[in-house]
Amino acid sequence: MKTKNPVMRLLYEYGVITLGCALYALGFNWFFQPNNISMGGFTGVSQILHRLMPILPIGATAIVLNIPLFYLGVRKQGIKLLISSLYAMSVGSLMIDGLAAVHTFAPMEPLLASLYGGVMVGISMGLMMLMGSTTGGTELAARLLKYKLRHLSIGRLCLTIDVIVVCSYALTFRNINNALYGIVSMYISSLAMDAVVYGSVNAKMAYVISTHSGEIAKQLLSMDLGVTLLNGQGGFSGDPKQVLLCAFKRSQIAAIKASVTQIDPNAFIIVCEAHEVLGEGFGEYTPDSL
C-alpha cells in the first residue's frame, strides 16, 4: 500500500499483521496441535514444555521464551521492530490460547495437516515479515542471521532452525513419525513464506535477438519498459548483432511477446526468471531487506 498518510499506512500495516496472527493461530490449532505435529521455533519448544508441564499455556510460554531474542532484535533493528513484533507475538499468542479455549479441532490425516498447516503458517509469517514484524522465535532469529548470511533466503533460514527444534521434539518424545511430518510441514512453510516475501518483487527478464532491434526497442519503451541494448556477434555468421535486455513484471510477458513477434516473427526470444529486480518500477534496496 503506497500512501503518504502515516495513519492510513499504520492501520494498513497492523491490519496485515493482525491477519497474519489470525492465520498463524488458526493453522496451529487446526493442523498442528491436534495431530501432535511439532511446529518448530519457540512455539515448538513451548509444545515440548506444555507436554511435560500441561499447566503451562503454549502461547504465554512462547512470549516468555522470546524476551531475550527481542532484546537482541531491538539492538539490531531498532524500536519499530520491537513494537510491531511485540504486537504480533502478543496477539498471535493470545489468539492461539483463545481459540484453543473456545474450540477444539479434531485430529485429521497427519499428511494433510502437515501440507495445509505448512501453507497457512508460511503465508501468515510471510505477511508479517512484509510489514517488518515477526512473532519472535524462528522468524526473528532468521531475520538476525540474515545480516550474516545474505545469500540464504529467509525461508531457508527459518527451515534450518525449525528442523533443529523438530528433531529435538522427536528425541524428547521418541516419536519419529510426527517429527518427520513436522519437517515436511516446515519445508512447505518455508516455500510459502518465500513466495509471499519474494513473490511481490519477482520478475522476469527477456533477451531479444532480432534484425529489427531498433523498432522493437521503441515499441518496448512506448510500453514504459526499460530496455538495454547489448552488442553481440552471431556465433555462426560472425555478423554484429544487438541484443535487447528487458526486465518486466510477470503480467507483462504476453504483451511483450506479442509486440516483439508482431515486428519480427523470426525474433529469438529468451525469457528467464529474475529472482529479484531492484530499481525504478521494481523494488528498492534497504539494509534491512530480506
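As the structure is a computational prediction, the values presented were derived from the model and not from experiment.
- Partners of Gln219 under the side chain to side chain donor-acceptor pair (under 3.5 Å) rule, at least two apart in sequence or in another chain, do not exist in this structure.
- Inter-residue side-chain proximity for Phe105 and Leu26 is flagged as met; some heavy-atom pair is nearer than 4.5 Å.
- Counting only heavy atoms from C-beta outward, the side chains of Leu115 and Leu111 approach each other to under 4.5 Å.
- Looking at His50 and Ile55, their side chains never come closer than 4.5 Å, going by heavy atoms from C-beta outward.
- No side-chain heavy atom of Gln233 sits less than 4.5 Å from a side-chain heavy atom of Lys241.
- The side chain to side chain donor-acceptor pair (under 3.5 Å) test applied to Ser210 returns Asp264, not counting sequence neighbours.
- Taking all atoms of both residues into account, the shortest heavy-atom contact from Pro110 to Ile37 is O-CD1, 3.8 Å.
- Taking the side chain to side chain contact (heavy atoms under 4.5 Å, CB included) definition, one finds that Val102 meets it with Leu99, sequence neighbours left out.
- Taking CE of Met125 as the start and CG of Asp194 as the end, the distance is 10.0 Å to the nearest 0.5 Å.
- In this view, Ile164 satisfies the side chain to side chain contact (heavy atoms under 4.5 Å, CB included) rule with no residue, not counting sequence neighbours.
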- [ ] Begin with the C-alpha distance, continue with both residues' side-chain angles, and end with the deciding distance and a verdict on side chain to side chain contact (heavy atoms under 4.5 Å, CB included) for Lys249 and Gln252.
- [x] CA-CA 6 Å; Lys249 296 178 180 177; Gln252 298 171 304; 3.7 Å; yes
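- For the atom pair Ile123 CD1 and Met128 CE, the distance stands at 11.5 Å (nearest 0.5 Å).
- Put simply, CD1 on Ile183 and CG on Asp162 are 10.5 Å apart, with the number rounded to the nearest 0.5 Å.
- Nearest approach of Gly126 to Val196, heavy atoms of both residues: C-CG1, 3.5 Å.
- One finds the OH atom of Tyr12 at 11.0 Å from the CD1 atom of Ile17 (value rounded to the nearest 0.5 Å).
- Between the CG atom of Leu19 and the CE atom of Met131 there is a distance of 10.5 Å, given to the nearest 0.5 Å.
- You'll find the side chain of Met120 stays beyond 4.5 Å of the side chain of Phe28, heavy atoms only.
- Rounded to the nearest 0.5 angstrom, Ser185 OG and Leu180 CG are separated by 12.5 Å.
- Cluster partners of Ile209, by chain and number: Met205, Tyr207, Leu230, Val243, Leu245, Phe268, Ile270. The rule joins Ile, Leu, Val, Met, Phe, Trp and Tyr whenever side-chain heavy atoms lie under 4.5 Å apart.
- The ring pair (Phe, Tyr, Trp, His ring centres under 6.0 Å) check on Tyr14 picks up Tyr87, with sequence neighbours excluded.
- Contact annotation: the side chain of Leu130 never approaches that of Val16 to less than 4.5 Å [non-hydrogen atoms, C-beta and beyond].
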